[in-house]
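Report on one structure; see the data block that follows.
Just so it is clear: chains get the letters A, B, ... in the order the sequence lines come, proteins before strands, and each one is counted from 1. We use all heavy atoms of the structure for the numbers below, so side chains are in, but hydrogens, waters and symmetry mates are not. Please read all numbers here as calculations on a predicted model, not as lab measurements.
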Number of protein chains: 2
Amino acid sequence: METTGQQPTAAPEPKYWHLRTVLVRAIDSEFSTGQVLPNERELAARFGVARATLRQALDQLELEGRLVRRRGIGTLIAAPRVGVPVNRQEEGWPGAGRSKAWRTVDCTTAPASAQLAGNLGVAEGATVHTVRRVRLVEGRPMATESLHVPASALPHLPGFRAESDRARSVLRQLERLEVDGESRSVELGVAEADEAGLLERPPGSPVLVMTTQYVSAGRLVALAVSTYRADTCKLTFGETGLADVAPVGVTREVRTAS
Amino acid sequence: METTGQQPTAAPEPKYWHLRTVLVRAIDSEFSTGQVLPNERELAARFGVARATLRQALDQLELEGRLVRRRGIGTLIAAPRVGVPVNRQEEGWPGAGRSKAWRTVDCTTAPASAQLAGNLGVAEGATVHTVRRVRLVEGRPMATESLHVPASALPHLPGFRAESDRARSVLRQLERLEVDGESRSVELGVAEADEAGLLERPPGSPVLVMTTQYVSAGRLVALAVSTYRADTCKLTFGETGLADVAPVGVTREVRTAS
DNA sequence: CAGTGGTCTAGACCACCCG
DNA sequence: GGGTGGTCTAGACCACTGA
């Protein structure tokens with residue numbers, strides 16, 4: 001199992017990491033999108049390791065978005081990640097009410113918990129509308145979003161309505177507001193049970209969690225928490241999209257090799 | 001090992017996922033930042049599972065940034081993620097030459113590979129400067145960056161110099177350019193060997209890969225590929241930072257519970 | 001049905017940290 | 001030293017897919 005002829009005193013490279021490197025090369029040179037790899041038991045045998053060790057390498061590659069594993073089917077070469085625009089307001093929230101990009105799941109109106117109230121800058125117990133939506137890209141769910149709006153930010157909201165109407169009303173009222181700006185943050189998370197279901201992924205799948213604060217007239221009028229599938233999504237904040245860059249994996253390899 | 005009294009016909013929840021849920025509750029209620037958990041063998045025994053199963057749950061929690069595991073020490077409750085500003089130009093590149101936020105590692109000047117040339121919009125083989133830097137937050141490395149600049153974008157760059165001087169010159173020249181805008185993308189990746197070393201993390205650690213295109217006078221003048229430690233970083237794109245939102249984990253729990 | 005990936009086990013050894 | 005997490009093994013059973 002010589003790695004690359006390293007000195008005995010050198011730091012010993014874990015088998016699974018070496019395996020990953022070998023597989024990356026094989027994937028890049030001998031396979032193309034959608035193709036299925038040999039099954040895990042065979043691969044493990046071929047490389048002379050336990051199946052668990054091989055799986056550790058595959059886990060890495062899946063986290064990088066290079067592989068997709070489907071139970072009962074096999075391990076496939078993943079398509080390059082989809083660039084999902086999140087910068088333009090039309091992509092995020094206002095104007096999206098009529099778009100097909102988002103599908104409303106439900107809408108609740110309830111008093112804010114201490115936690116949520118703090119984040120929204122309102123008093124605890126203040127009424128807050130919460131719209132839950134799913135973002136679709138090419139018909140597939142790519143993200144979930146929980147949009148929290150204090151009732152005080154929507155003075156002209158019509159009275160009681162059916163849930164689906166209420167969601168529409170909230171979104172419509174939001175569009176009427178002048179949005180001065182948004183501030184966002186992005187971090188890594190995992191899909192909880194409900195999100196996992198909406199994203200059609202198993203619980204624990206990695207997601208990019210984007211938190212957006214919408215400001216109007218100097219006040220925070222909405223807080224959106226979105227979870228994007230990390231396996232297939234690349235969040236793009238482009239201002240005026242220049243040419244798209246090639247998959248990062250490749251870019252980074254190039255740099256490393258230089 | 002009753003989970004929560006679910007029907008036999010219900011979808012069986014994996015043990016490691018149930019374990020994770022239990023641990024999340026324990027962490028939030030009974031532990032505080034920096035505290036060490038019982039060791040893995042003891043925890044596994046206490047929950048009546050194999051150590052490997054327990055580790056699967058801990059892996060999840062580490063990915064979420066709730067735990068930190070240190071070899072020879074133990075498993076600690078992680079501090080909340082650090083918000084790292086990446087939107088303001090002063091945080092990213094121009095003006096950072098004199099700042100203490102970035103430490104230059106090296107600087108190379110070489111012909112562009114086909115891959116890199118395509119991404120930069122120059123001819124293959126064109127001369128490109130590459131500055132490698134590390135971003136420090138509170139003295140700790142939080143990100144690595146490879147900044148690629150076509151020599152054609154820096155017409156006034158002085159001649160040959162020592163490497164450290166060259167890096168400084170490239171950065172200084174870049175600052176002189178008027179930057180019309182940047183377009184960014186963020187996705188999930190893993191740290192390769194060299195990045196891992198700079199970030200003081202083992203290879204394969206999750207990172208947020210941010211790719212930034214800098215545009216000046218309608219032309220792409222620089223391409224930056226940054227890798228941020230996903231365990232401790234939260235990328236913030238705030239325009240004019242309002243109050244910070246609480247840790248997302250909590251926020252999301254609140255929403256789920258509503 | 002046979003074949004795939006997903007979960008789980010019990011045990012072993014190693015690399016690292018500290019007193 | 002003894003204790004920690006990190007790696008690796010060989011095997012088992014389950015859940016899902018497709019023919």
Side-chain angles (χ1 to χ4, degrees), chain A residues 1 3 6 8-21 23 34-63 67-78 190-191 196 200-205 231, chain B residues 1 3 8-21 23 34-63 67-78 190-191 196 200-206 231:
Chain A
M1 259 308 101
T3 53
Q6 59 185 17
T9 57
E13 189 185 42
K15 275 189 189 175
Y16 77 89
W17 185 254
H18 176 241
L19 248 185
R20 183 203 87 104
T21 308
L23 288 171
Q35 214 168 340
V36 312
L37 264 56
N39 71 58
E40 298 184 348
R41 288 157 180 94
E42 153 133 19
L43 279 178
R46 188 181 301 184
F47 288 109
V49 299
R51 191 177 156 219
T53 304
L54 172 78
R55 280 181 60 80
Q56 229 178 320
L58 295 182
D59 286 344
Q60 289 278 346
L61 294 168
E62 198 176 25
L63 203 64
L67 293 181
V68 181
R69 292 192 276 184
R70 296 209 198 128
R71 194 198 307 231
I73 304 287
T75 303
L76 323 177
I77 309 295
V190 304
E200 297 175 1
R201 294 287 298 165
S205 304
D231 57 343
Chain B
M1 258 312 96
T3 53
T9 57
E13 188 186 42
K15 276 188 189 176
Y16 77 88
W17 185 254
H18 176 240
L19 248 185
R20 174 204 164 265
T21 307
L23 287 171
Q35 215 168 340
V36 313
L37 263 57
N39 72 57
E40 298 184 349
R41 287 156 181 94
E42 155 136 16
L43 279 178
R46 187 180 301 183
F47 288 109
V49 299
R51 191 177 156 217
T53 303
L54 172 79
R55 280 182 59 81
Q56 228 178 322
L58 295 182
D59 286 343
Q60 288 278 346
L61 293 169
E62 198 176 25
L63 203 64
L67 293 181
V68 182
R69 291 192 276 184
R70 295 208 198 132
R71 194 194 316 230
I73 304 285
T75 303
L76 323 177
I77 309 295
V190 304
E200 297 177 359
R201 294 287 297 164
S205 305
D231 56 344

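Between the P atom of dC16(D) and the CZ atom of Arg69(A) lies a distance of 17 Å, rounded to the nearest Å. Remark: P of dG5(D) and CZ of Arg70(B) are 12 Å apart, rounded to the nearest angstrom. Here the P atom of nucleotide dG6(C) and the CG atom of Leu58(A) are 9 Å apart, to the nearest Å. Distance, Ile73(A) CD1 to dA15(D) P: 18 Å, rounded to whole Å. With rounding to whole Å, Asn39(B) atom CG is found 15 Å from dC18(C) atom C1'. Atoms CD (Glu40(B)) and C1' (dG11(C)) sit 15 Å apart, rounded to a whole Å. Computed from coordinates, the Asp59(B) CG to dG5(D) C1' distance equals 11 Å when rounded to whole Å. Distance, Gln60(B) CD to dG6(C) C1': 13 Å, rounded to whole Å.
Every residue two or more places apart in sequence or in another chain that forms a salt bridge (Lys or Arg N to Asp or Glu O under 4.0 Å) with Glu42(B) is listed here: Arg46(B). By the side chain to side chain contact (heavy atoms under 4.5 Å, CB included) test, Arg70(A) pairs with Val68(A), Ile73(A), Leu76(A), sequence neighbours left out. Taking Glu62(A) as the reference, Arg69(A) meet the salt bridge (Lys or Arg N to Asp or Glu O under 4.0 Å) condition, with sequence neighbours excluded. By the side chain to side chain donor-acceptor pair (under 3.5 Å) test, Glu200(A) is found to be paired with no residue, residues two or more places apart in sequence or in another chain being considered.
Nearer the 5' end of DNA chain C, as judged by each residue's closest nucleotide, is the contact made by Gly72(A), out of Gly72(A) and Glu62(A).
Put simply, Thr75(B) has a side-chain N or O that comes within less than 4.0 Å of OP1 or OP2 on dG5(D).
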Do any side-chain atoms of residues 48-58 of chain B form donor-acceptor pairs under 3.5 angstrom with protein atoms, and if so which ones, sequence neighbours left out?
from	atom 1	to	atom 2	distance (Å)
Arg51(B)	NE	Glu40(B)	OE1	3.0
Arg51(B)	NH2	Glu40(B)	OE1	3.1
Arg55(B)	NH1	Glu40(B)	OE1	3.2
Arg55(B)	NH1	Glu40(B)	OE2	3.0

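A 4.5 Å side-chain heavy-atom check between Pro206(B) and Leu63(B) finds at least one atom pair inside the cut-off. Side-chain contact between Val36(A) and Thr75(A) is absent, with no heavy atoms from C-beta onward closer than 4.5 Å.
In the interface, the side chain of Arg41(B) is not paired with the base of dG3(D) through any donor and acceptor atom under 3.5 Å apart.
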Pull out every protein N or O sitting under 3.5 Å from an N or O of nucleotides 7-9 of chain D, one pair per line with the distance.
from	atom 1	to	atom 2	distance (Å)
dT7(D)	OP1	Tyr16(A)	OH	3.1
dC8(D)	OP1	Lys15(A)	N	2.2
dC8(D)	OP2	Tyr16(A)	N	3.3
dT9(D)	OP1	Lys15(A)	NZ	3.0
dT9(D)	OP2	Ala50(A)	N	2.8
dT9(D)	OP2	Thr53(A)	OG1	2.4

